[in-house]
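Down below is the structure, laid out as structure tokens.
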Amino acid sequence: MSTTYYTCAESIPAFLQERYIFMRETAYNAYRRSSYVLAHSLISIPSLIVLSIAFAATTFWAVGLDGGFSGFLFFFFTILSAFWAGSSFVTFLSGVVSHVMLGFTVVVAILAYFLLFSGFFISRDRMPSFWLWFHYISLVKYPYEAALQNEFHDPAKCFVRGVQMFDTTPLAAVPLALKLKMLKSISSTLGMNITGNTCVVTGTDILRQQGITDISKWNCLWITIAWGFFFRILFYFALLLGSNNKRR
């Protein structure tokens with residue numbers, strides 16, 4: 001998901017190159033700032049759709065993500081919403097900063113913090129309480145959680161069975177017979193029957209381990225889209241405050 005946002009950083013020079021033309025034409029009342037913001041938003045949508053289709057089609061099937069065609073559609077809309085939010089965020093910053101290199105520096109720095117506190121490196125439950133506010137304003141959090149829920153939403157699907165518990169431990173190379181004996185020992189200690197085919201980790205368990213339990217995947221999608229509209233509104237106010245509508 002972070003790739004989509006870093007891809008949007010390439011559009012930083014767009015408004016910076018148009019700034020002089022925009023200020024000259026609005027100074028002579030050629031059009032309103034709201035018209036420019038609306039037109040700027042609409043013309044960006046077709047390119048975002050093409051990018052989203054290319055990204056989703058080359059990722060979903062190649063990686064082998066779950067969900068079939070309906071899962072692919074949701075994944076596509078998640079990618080599209082991420083591109084929309086990222087494009088709006090970068091557009092807003094282009095209306096605030098006055099230099100291309102400064103814009104790239106600010107965008108990369110903020111996106112790095114968004115990625116750090118998105119829940120990918122540190123789950124929400126492990127974050128210090130004084131950093132949770134940044135976790136909830138992270139643009140990466142919501143599409144990331146939506147994609148994870150789209151993949152692991154089925155509580156009946158098993159991802160780790162009895163003998164697979166040892167695959168990521170130093171005991172991965174021991175013979176199967178010994179693994180089964182260890183499972184019997186663990187079963188007697190815990191007072192429950194764990195065989196080689198017993199499901200020990202479901203999709204719900206994975207989401208719980210990642211701290212993704214508070215927002216549904218559809219709400220994550222709507223929140224991401226809302227972030228895009230929010231930054232477009234901020235872009236309008238940046239233009240309103242940053243240019244002088246007077247004849248020269």
Side-chain angles (χ1 to χ4, degrees), residues 1-53 55 76-118 133-144 146 219-248:
M1 292 302 160
S2 61
T3 305
T4 61
Y5 289 103
Y6 283 109
T7 302
C8 294
E10 297 181 357
S11 62
I12 290 178
F15 177 71
L16 294 178
Q17 296 173 354
E18 300 172 1
R19 183 189 295 271
Y20 173 76
I21 299 175
F22 168 80
M23 295 183 67
R24 182 189 64 191
E25 293 181 348
T26 53
Y28 286 88
N29 295 320
Y31 47 78
R32 295 178 296 179
R33 295 174 183 83
S34 58
S35 301
Y36 176 82
V37 173
L38 180 60
H40 191 278
S41 302
L42 291 177
I43 63 173
S44 67
I45 293 177
S47 61
L48 297 181
I49 293 176
V50 173
L51 281 173
S52 300
I53 293 175
F55 187 91
F76 161 72
F77 284 115
T78 301
I79 297 298
L80 179 59
S81 67
F83 272 123
W84 163 250
S87 174
S88 301
F89 173 68
V90 171
T91 301
F92 160 65
L93 286 182
S94 69
V96 175
V97 300
S98 57
H99 195 273
V100 174
M101 292 308 300
L102 177 60
F104 277 118
T105 302
V106 173
V107 168
V108 171
I110 295 178
L111 289 180
Y113 278 100
F114 281 164
L115 178 60
L116 178 62
F117 291 100
S118 65
W133 65 274
F134 205 97
H135 170 70
Y136 283 101
I137 68 170
S138 171
L139 295 182
V140 183
K141 163 187 166 65
Y142 300 101
Y144 167 67
N219 285 337
C220 289
L221 179 65
W222 301 131
I223 291 173
T224 307
I225 296 173
W227 273 120
F229 283 104
F230 174 72
F231 284 114
R232 293 287 173 173
I233 294 173
L234 290 184
F235 178 53
Y236 167 76
F237 284 108
L239 298 183
L240 186 65
L241 299 175
S243 59
N244 188 11
N245 191 26
K246 293 182 179 179
R247 292 180 176 269
R248 295 183 179 181

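Below, all heavy atoms of this structure are taken into account, side chains as well, without hydrogens, waters or symmetry copies.
Atom CD1 in Ile110 sits 7.5 Å away from atom CZ in Phe134 (nearest 0.5 Å). The distance from the CZ atom of Phe76 to the CD1 atom of Ile49 is 6.0 Å, given to the nearest 0.5 Å. The structure places CG of Leu139 at 11.5 Å from CG of Leu115, a figure rounded to the nearest 0.5 Å. Distance check, rounded to the nearest 0.5 Å: CD1 of Ile53 to CG of Leu80 gives 8.5 Å. Taking CZ of Phe117 as the reference point, atom CD1 of Ile137 lies at 10.0 Å (rounded to 0.5 Å). Phe89 CZ to Leu111 CG: the interatomic distance, rounded to the nearest 0.5 Å, is 5.5 Å.
Judged purely by atom type and a 3.5 angstrom limit, Ser81 uses its side chain to pair as donor or acceptor with the backbone of Phe77.
The minimum heavy-atom distance linking Thr224 with Pro143 is given by the pair OG1-CD, 3.5 Å. Here the closest non-hydrogen pair linking Ser41 and Ile45 is O-CG1, 3.4 Å. Contact record, Gly228 with Trp84: CA-NE1, 3.2 Å, taken as the closest heavy-atom pair.
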Original post:
How far apart are the C-alpha atoms of Phe83 and Ser44, what are their side-chain angles, what is the distance that settles it, and do they pass the side-chain contact (heavy atoms from CB on, under 4.5 Å) test?
Top reply: CA-CA 10 Å; Phe83 272 123; Ser44 67; over 6 Å; no

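Applying the side-chain hydrogen bond (donor to acceptor under 3.5 Å, both in side chains) definition to pairs two or more places apart or across chains, none involves residues 103-118.
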Mind listing the side-chain donor-acceptor pairs of residues 229-241 below 3.5 Å, one per line with the distance, residues two or more places apart or on another chain?
residue, atom, partner, partner atom, Å
Arg232, NE, Ser88, OG, 2.9
Arg232, NH1, His40, ND1, 3.2
Arg232, NH2, Ser87, OG, 3.2

